Amino acid sequence: MIIHCTVNNRHMEIPVEPWHSLRTMLHNIGCIAVRDSDDGEGFSGSDTVVVNDVPVFANLMLACQVEGCVIRTADDLSTKGRLNYVQQAMIDAGIVQDGYNAPQAALLLTWLLEHDANPTEEAIKDVLSGLFVRDTGYKNYFLAVKLARELRDHGAYKSKIAPEFRENLSIVGKSVSKIDGRQLVAGWKSYVEDRVEPGACSLVMLRSPYAHAYVNEVDTSEAENMPGVVTIITAFNCPDVFYMSAGQGNPEPSPYDRRLFNRKVRHVGDRVAAIVAETMEQALAARENIKVSYEVLPAIFTVEEAMAPNAPIIQNGPAEYLSGAPDGLKAYNMNTDEREGKVVYPFPLHADNRHNIAAGAHGSIGDVAAGFAEADVVIERTYQSSQVQCTPSEPHIVYTKIDNDRLVVHASTQVPFHLRRIVAKVCQIDENKVRVIKERVGGGYGSKQDILIEDVAAYATWVTKRAILSRNSRQEEFIANSTRHPMRITVKMGAKKDGTLTAVYMDVRANTGPYGNHCLTVPMNACSKTLPLLSCPNMKFDVTTYYTNIPPTGAYQGYGAPKGSYALMMCMNEIAHELGVDPLELALKNKVERGFMLEILKSLGEGREGTVVPVGSCGLGTALVKGANMIQWGKHESCDDSDWKIGKGFAMIQQGSGLPGLDHSTCDVVLNTDGTFLIRSGGADIGTGLDTISAKCVAEVMKVDLEKISVVSGDTDITLFDTGSYASSGTYFSGNATLKAARDLERKVLAEAALQMDEDSAALELRYPGIVYSRTTKKELDYAKLSHDALTGIGRGQLVGFGSFVTNNAAIPYGAHFAQVAVNVRTGKVKVQKYYALQDAGTPINPELALCQMYGASLKSIGHSLYEHMILDKNGECTNADFTRYGVPMISELPDDFQAILIDEDDEFGPFGAKSISEIATNGAAPALANAIHDAVGVWIRSWPFTPEKILRELGKLL
Amino acid sequence: MISSFTVATSVEHALQLKREAGSQGVFLAGGTEINRLGTQLTGTIAISLANLPIQSKEKGKNAVTIGTMGTLQMIIDTGFVPDYMKVACRFCASRTRRNMATVGGNLALQRDDSYLMPTVVAAKARLILATLGPDGSIVEENIPIREYLAFKDHFSDSLLLAIVLNKPTRFVSSKRIALTEQSMASVTVALGSDLSSKEIHDVRLCTAVKGSGVFRIPEIEETIANGTYEPVDEPVVFSLPAVEFVDDFTGSATYKRYILGTAIADLFRECRAALGKGGQT
Ligand SMILES: Cc1cc2nc3c(=O)[nH]c(=O)nc-3n(C[C@H](O)[C@H](O)[C@H](O)COP(=O)(O)OP(=O)(O)OC[C@H]3O[C@@H](n4cnc5c(N)ncnc54)[C@H](O)[C@@H]3O)c2cc1C
Ligand code: FES
């Protein structure tokens, strides 16, 4: 049928089918900003449009329903490339980060301001209540509206956007518009989905209904003959290549314990077959006709079950070592079933796969036994974290094609170069045959550090030579993705009466699920990003990771630190109570400060010996003191309603800035022929503003406006190697590489200018807005002429700065998070009244983006602490694998008073003194909230999430 | 999946289309249930109610009438609609979804986490609905909402036209218990009573419990009305032998039982406080 309607001021007649959603119709006519992030669940609002002046979800409407209607989409807010005032204000407020839902937010806020010129906070909350935002935590949306009003009414901002840092610098440490903000907020082509060409095939996955089973046969004969089917890949025709999905440095500290498809499925949702067909419908139809014969095995889901004698073994194949093979391997590898596959260790990980142990790490400093012996009080407590999902708005998606006889992978990834390596390995081709183009990433949070769909799609394209789109459904995002490892952490702690810690022991038991990606590094972070907060001389840790049949785990913002932090910081609070010492005093007494030698790091390297370094720049003490003042630590608050009790809590936090000794970033900066610049950075901006950091580094050094600089990043054909965006490495590693490249270019420009100007380069300097200035002759040479003359055929060629950054120096960010909660003793409900995140990020290069990342990470971890939890039934099936049932925080869950504070510390190693910012912000919520709950109602909640039901149980209300 | 779409031109037309379509027919109101991922509705023939005159809200002398095609947001935006009804509409915490979801769709669904059903039952609302008689003529009925709740299947082919909230105002108050505002509710419960005689009487207590359904609780209505109700006090778990509570992702059976008891106790206290204030809610 034909629908007559007005779309973005154009009268249109659009052919539709009765089953087409309004979103399908709009997308088909080119409204690409009408996206979808939950497959039509009606939750997250990526599909928000305005119909007859009312905001609605385009997925929940049939196209047929809009006959005669006037429709407006986010695509239409900008005019001929000029953003509207709301879009501009959103960028400047720092909230356009991953940007996937930014166009919809702009549409909703524009609509709101058209109807209510000066909306209240409540009205803003109301209009945004149907929009899911995971990256920036909603807080600065209020600022964006304020800025938009100022822009509308005065043509300029009156409010301060964010604090500024470093008076001596012109652009670093100041708020400027994020360089990819325009394309993201306007909804222009940016993401993988926007690159898909007509005629691309679709790939869908057949997944296991069982948590643990051998796959004895996959009969694809009927399916293969169905219309449109291009290929079906199973364990019986995939390459016999063992690898693993974690995008980590090579050799990876994870076992190669999987192939593309295995003869054994190890979780509900594990891959059984990939079906590639001309259309999605054909692929889905073919999937229905594949017959699989399973031999079901008993399954296990917890660390305790995995440890039990005679437990079912999840990875029971023979072990192989690429280096450091232990003695007795032959005997170890006896009696295996070929359907198990094998486990290949790049180097020893203290694993014992035939007893479900995926990896282990052990270490200590001082004499822990003596430390406990000299303590006045010793306590031992166990804390449990749960399995939570990253939930990026843009699900995992990849578009693979052949171009110039090479494999091209348009990816939404944090690790383009690791992705290239792993894909090449799986396809059994050389890396020069593969090009990975990192597109804008609609949220990663660690999950896009894993190669979860790119491997299959790339292989399918390589063997069929067809272009293929593969995109996870939201359900697949829950059950076949990386999630936080559930961990059981026992902390034993001893202290003197005055609160001095004498010994600390952490026993971390982590659940990696079916495969061992990140099985060493994530659990180790539970110790390596927490124990170094303490100056205690006697510390020891044991980390053991177990295989089970839960949905896969992997990297998640913060790695293991949020769980370690929860355990360690809670235990410190518990011992403070045992001792009758104020927890704040205990923290101040036992924290590290600048110059303290971090001996513990020696045993905390990721698969190698770690480097011992002293504490450098450190805002920990300031954060504690300032946070305590802000929350009025020590002042008891009460509520008129006696059912509600109020309490306060805090936690010290730290993270790292990349992995010194392991990470490597490179970059080059090209002086274009007209005197502008092209940065080619290997770094992967995943929405956080890394490209803007690169541009600012070059602008600062070369003394030009940002508009003169373009950035290409994360394209393996164009840019040089970078380990990628994980472990909080972006600013420190990729940023430092760009800074080095800029400085190299500065040297080269001065040298070239010296020749062209016939002057001594020592007398020359760069000056704004892009000239070389001679202090002796006062002569000037602008970059355009300089570059032109260098490239005239008689010149000395194009000027390119090169930067390669490796280091053993650590730039550790520190901070403290404080919370005030109200707990209802009759219902168990927790309200977060105040949440203050105080962090030292060194020099915040993009202060407004840094603050928004702190808000985003804090709210995410408030969600993990209070609401989120993947729930498995007895068969291992996730019963809440969608947004509504899973329960992510929305704008309604914002703390009443939410503040992010940047503590000013200049770091000696970071680019312009910068350290990392966002991962660390996930470490504070769980312990700060749990301690606040204890302060309010006297119960220790030692497992995530702190649901009303759990609190009621602890309060003895539920029999 | 919807395979055909027709816009009904009148109530009669809508009912005829539904009769012709049989079990495949589905009235399409806001579409937030019909078109959502994971819906249990299976109808393929959509009968749009968009053009029917059942959207209006009217304030009569003794009653407020709300057309079933009114969206939850329209109700919030209508000044004369009683506050308790607005509170229930806000249980749908997504404004965008409230812009679409209709009263009729919500009542017809009677979900076990229903936003509105407990409240309208507590309010002793009446429902105006139309059915096609055997001879094809329209039969319009005005029934107590509790009847609709009790005999849902009997009305499966009926078209809900309007809901009538009677004045003088009853005390009506409700609670929705969920982990986040947009998580599915484990329990939604509403208490209504007539306070005009300076006593609590004519009590209605209705609850939606995830996994158990929507139902009235007559035994507690009675104890509240006759003054023997004791607010359940901690840590006693509220006993309601007739109802089977189940464990699910919204909470354990024990939790749901407890929290329902607590919510009822809170509503009762509110009701008593309203009595003290002369019946003002
Ligand atoms: C993410 C999400 C979460 C949700 N959570 C909840 C929840 O917690 N609680 C809840 O109650 N609902 C929930 N819903 C469902 C739904 O949004 C609401 O129930 C809504 O009020 C349904 O109204 P509608 O107009 O959209 O109904 P539609 O989808 O149009 O129709 C729903 C049903 O009602 C019938 N119907 C519609 N109008 C009439 C009428 N006038 N007469 C007879 N039958 C009619 C239809 O035939 C259909 O069977 C949720 C939906 C989504 C997408
Ligand atoms: S239904 Fe709204 S984003 Fe998918």
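Basis for what follows: all heavy atoms, side chains included, without hydrogens, waters or symmetry-related copies. What you see is a predicted model, and the numbers here were worked out from it, not measured in a lab. Protein chains get the first letters and strands the later ones, always in sequence-line order, with residue 1 at the start of each.
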So that I can tick it off, tell me whether B:Asp248 and A:Arg885 are bridged by a salt bridge, with the cut-off set at under 4.0 angstrom between side-chain N and carboxylate O.
no

*asked:* Do A:Gln65 and B:Leu28 have side chains that approach each other closer than 4.5 Å (heavy atoms only, starting at C-beta)?
replied: yes

Whatever's closer than 4.5 Å to a heavy atom in chain B on A:Arg953 counts as side chain

Output for pair (A:Leu62 CG, B:Ser48 OG), nearest 0.5 Å, gives 9.0 Å

OG of B:Ser94 to CG of A:Leu128, rounded to nearest 0.5 Å, is 11.0 Å

Counting heavy-atom pairs under 4.5 angstrom with chain A, the leader among B:Ser186, B:Ala178, B:Ala93 is B:Ala93

Closest non-hydrogen atoms of B:Arg95 and A:Ser129, given as atom of the first, atom of the second and distance, are N-OG, 2.7 Å

Output for pair (A:Asp643 CG, B:Asp266 CG), nearest 0.5 Å, gives 6.5 Å

Max heavy-atom pairs within cutoff under 4.5 Å with chain A, candidates B:Glu181, B:Lys256, B:Arg36, goes to B:Glu181

Turns out that what part of A:Met890 lies under 4.5 Å from chain B's heavy atoms comes down to side chain

Applying a strict 4.5 Å limit to non-hydrogen atoms, the region of B:Thr250 in contact with chain A is neither

Rounded to the nearest 0.5 Å, the CD atom of A:Glu893 sits from the OG1 atom of B:Thr180 at a distance of 4.5 Å

Is it the case that atom CD in B:Gln24 sees more than 12 heavy atoms from other parts of the structure closer than 6.0 Å? yes

Open item on the list: Could you check whether B:Gln182 and A:Thr884, counting side-chain N and O atoms only, form a donor-acceptor pair closer than 3.5 Å?
Closed with: no

Could you tell me whether A:Lys829 atom NZ has more than 12 heavy atoms of other residues or ligands within 6.0 Å of it?
no

The interface call for B:Met100 against chain A, heavy-atom contacts under 4.5 Å, is side chain

The reported gap from CZ in A:Phe57 to CG in B:Asn99 (rounded to nearest 0.5 angstrom) is 9.0 Å

Closest heavy-atom pair, B:Ser3 versus A:Trp19, reported as atoms and distance to 0.1 Å, is CA-CE3, 4.3 Å

**Intermediate values then yes/no, side chain to side chain contact (heavy atoms under 4.5 Å, CB included), B:Arg98 and A:Asp126** = CA-CA 11 Å; B:Arg98 281 204 306 271; A:Asp126 190 46; 2.7 Å; yes

When the 4.5 angstrom heavy-atom criterion is applied to A:Glu17 and chain B, the contacting part is neither

When the 4.5 angstrom heavy-atom criterion is applied to B:Ala50 and chain A, the contacting part is neither

Cut-off 4.5 Å, heavy atoms of chain B, and the answer for A:Asp39 is both

Smallest heavy-atom separation, B:Arg97 atom then A:Leu60 atom, equals CD-CD1, 4.5 Å

Legend entry - Worked verdict on A:His869 versus B:Phe249 for side chain to side chain contact (heavy atoms under 4.5 Å, CB included): CA-CA 9 Å; A:His869 181 193; B:Phe249 61 91; over 6 Å; no

Applying a strict 4.5 Å limit to non-hydrogen atoms, the region of A:Glu949 in contact with chain B is both

Interatomic distance, OG1@B:Thr96 vs CD@A:Gln104, rounded to 0.5 Å, equals 10.5 Å

Note: B:Phe5 and A:Met1 closest approach over all heavy atoms is CD2-CE, 4.4 Å

The interface call for A:Asp873 against chain B, heavy-atom contacts under 4.5 Å, is neither

Taking a cut-off of under 4.5 angstrom between non-hydrogen atoms, the residues of residues 20-27 of chain A near chain B are none

When the 4.5 angstrom heavy-atom criterion is applied to B:Ile34 and chain A, the contacting part is neither

Whatever's closer than 4.5 Å to a heavy atom in chain A on B:Ile259 counts as side chain

Is the closest side-chain heavy-atom distance between B:Leu179 and A:Thr947 below 4.5 Å? yes

Cut-off 4.5 Å, heavy atoms of chain B, and the answer for A:Val51 is neither

Honestly, the part of B:Ser4 sitting under 4.5 Å from a heavy atom of chain A is backbone

